[in-house]
Amino acid sequence: MKELGVSIYPAETNIEDDYRYIDAACKYGFTRIFTNLISVENNQQMLECFKKVCLYARKNNMKVIADINPEVLQTLGVYPDDIEFFYNLGLFGIRFDTGSNGFDESLMTYNPYNLKIEINMSSGIKYLENIMEFRPNTDNLLGCHNFYPLRYTGLSREHFLKCSEAFKSHGIPAAAFVTSSSAKFGPWPDNDGLCTLEEHRNLPIETQTKDLFNTGLIDTVIIGNCYASEDELKTLSSLDKDILSLNVELEDGISEIEKKIVLDEPHFNRGDISEYLIRSTLSRVKYKDNFFKLFNPKQDIKRGDILIPSSSYKRYAGELQIALKDMENSGRINVVGRIIPEEVFLIDLIHPWQKFKFKLK
């Protein structure tokens, strides 16, 4: 099951604002919270505040996972064979930002409270394989990528996919971070945004989230900085987490049938893929008796344009296409719309036979 999460940093906020944010996140169907124990240290007053926030989240059926490292365990006097302390804080799990020896993480997955042990996915696959050698209880094992507050330090897509695929191969649920453009802070003083993938840093939060879910490798998307706006929470809550939905603009003069084809009909990328076009062909069968008037045969087709051949084509009229490259129009194809610029890159990530849909921006 795919889910959405937010982040809360009690060391940087006041408890009333945290409660309001939890309430807003609950309202829009968010179920996970990421937080940070590394910056709290063994400050009793801060731990009490932290506990109140976690218990409030638990009361609202939200699952809180706190970032720790081996030094936090030492500071708090917690040992791998007894992690009741974290359960009493109201946590759903703990995340190792930097790892221990593999055996400790494995041992913790057998805790009697079924606390989840989440491990850092961004550091490569050797850490995961080391833990797997110690035969953990995988029902209590999760993965979560890092976020990167400093510009240009986020993960490359290649490394992200390599690490994520390793976790997927073991059936371990995985999470990653997106950044809010309206949020102002995270757990550390530096904050150029808190995303996992560097290429996401300046993209709309909706586009970042679509991309992560579309990989098929990420189960939970978490907003890394806070506080995200209510509009952002609402936008993410309405996303289809299972089918890629591309935001589009339509041309003036588009017919009602063509508009229906774009926005209402199911779409898929044919298996016999082209380097020039994504082709979704069901509509040409369903509407084979419709006359498709030639109304916008732009000479220069641009990458990201949405196309429907006119009835001057006998076999292909009514087929929906997306241009993967700039190309010359035959003079018989209507440009009926375009994918918004921020999301054009997503068309390169649509696989053969993958389903997708469009949403009017």
Side-chain angles (χ1 to χ4, degrees), residues 3-26 30-100 104-121 131 136-137 139-147 173 175 177 185-188 194 220 222-227:
E3 59 183 348
L4 295 166
V6 295
S7 299
I8 287 178
Y9 305 108
E12 309 296 326
T13 59
N14 67 69
I15 198 165
E16 290 79 14
D17 288 341
D18 287 342
Y19 286 172
R20 280 192 287 269
Y21 194 44
I22 290 170
D23 290 341
C26 285
F30 285 64
T31 55
R32 279 273 295 270
I33 293 177
F34 170 83
T35 191
N36 180 26
L37 259 178
I38 297 173
S39 60
V40 171
E41 300 178 340
N42 198 6
N43 180 316
Q44 194 59 40
Q45 183 178 357
M46 185 58 63
L47 283 173
E48 283 301 316
C49 177
F50 187 93
K51 182 176 182 178
K52 287 179 181 178
V53 171
C54 292
L55 290 175
Y56 186 81
R58 181 194 281 180
K59 180 182 175 182
N60 284 276
N61 298 314
M62 296 193 78
K63 300 171 285 188
V64 185
I65 296 181
D67 221 19
I68 68 163
N69 56 30
E71 289 73 26
V72 169
L73 295 179
Q74 185 175 10
T75 299
L76 296 174
V78 176
Y79 296 92
D81 61 346
D82 183 6
I83 57 175
E84 182 182 6
F85 175 85
F86 296 117
Y87 177 76
N88 291 336
L89 274 182
L91 294 175
F92 176 74
I94 51 175
R95 176 187 182 271
F96 278 91
D97 182 51
T98 53
S100 185
D104 286 349
E105 291 90 333
S106 172
L107 180 61
M108 288 183 186
T109 64
Y110 289 93
N111 72 86
Y113 315 101
N114 284 321
L115 283 170
K116 306 307 176 186
I117 307 303
E118 191 169 69
I119 57 177
N120 186 343
M121 295 175 62
I131 293 171
N137 174 9
D139 288 341
N140 284 335
L141 191 63
L142 304 176
C144 180
H145 278 286
N146 276 347
F147 54 54
F177 291 94
F185 63 91
W188 312 117
L194 294 180
T220 303
I222 304 168
I223 303 171
N225 47 357
C226 63
Y227 300 107

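Hydrogens, waters and symmetry mates play no part in the numbers below; they use all other heavy atoms, side chains included.
- Residues C49 and P10 share a closest heavy-atom pair of SG-CB, 4.4 Å.
- Taking 4.5 Å as the limit, every side-chain heavy atom of F177 sits out of range of all side-chain heavy atoms of I223.
- When every heavy atom of Y21 is checked against every heavy atom of N225, the shortest pair comes out as OH-O, 4.2 Å.
- Taken from NZ in K116 to CD1 in I94, the straight-line distance is 12.5 Å, to the nearest 0.5 Å.
- Residue pairs that meet the salt bridge (charged side-chain N to carboxylate O under 4.0 Å, His left out) test with at least one member in residues 50-65, sequence neighbours left out, are E3-K63.
- Under the salt bridge (charged side-chain N to carboxylate O under 4.0 Å, His left out) criterion, the residue pairs touching residues 67-92 are D67-R95, with sequence neighbours excluded.
- By the 30° and 60° cut-offs, the orientation of the rings of Y9 relative to F147 is perpendicular.
- Looking at every heavy atom in both residues, V53 comes nearest to D18 through CG2-OD2, 3.9 Å.
- Screening D17, I8, V64 against I22 for a side-chain contact (heavy atoms from CB on, under 4.5 Å) leaves a single residue, I8.
- Taking 4.5 Å as the limit, some side-chain heavy atom of I38 sits within range of a side-chain heavy atom of W188.
- For Y110 against P136, the heavy-atom pair with the smallest separation is OH-C, 3.5 Å.
- Contact detail for A25 and M62: the closest heavy-atom pair is CB-CE, 4.0 Å.
- Using a 3.5 Å distance cut-off with no hydrogens or angles, the side chains of N140 and Y113 do not pair a donor with an acceptor.
- Here the CG atom belonging to N120 is positioned 11.5 Å from the CG atom belonging to N69, to the nearest 0.5 angstrom.
- Atom CG of L115 is separated from atom OG1 of T109 by 11.5 Å, given to the nearest 0.5 angstrom.
- Nearest heavy atoms, S7 versus C226: O-CB, 3.5 Å.
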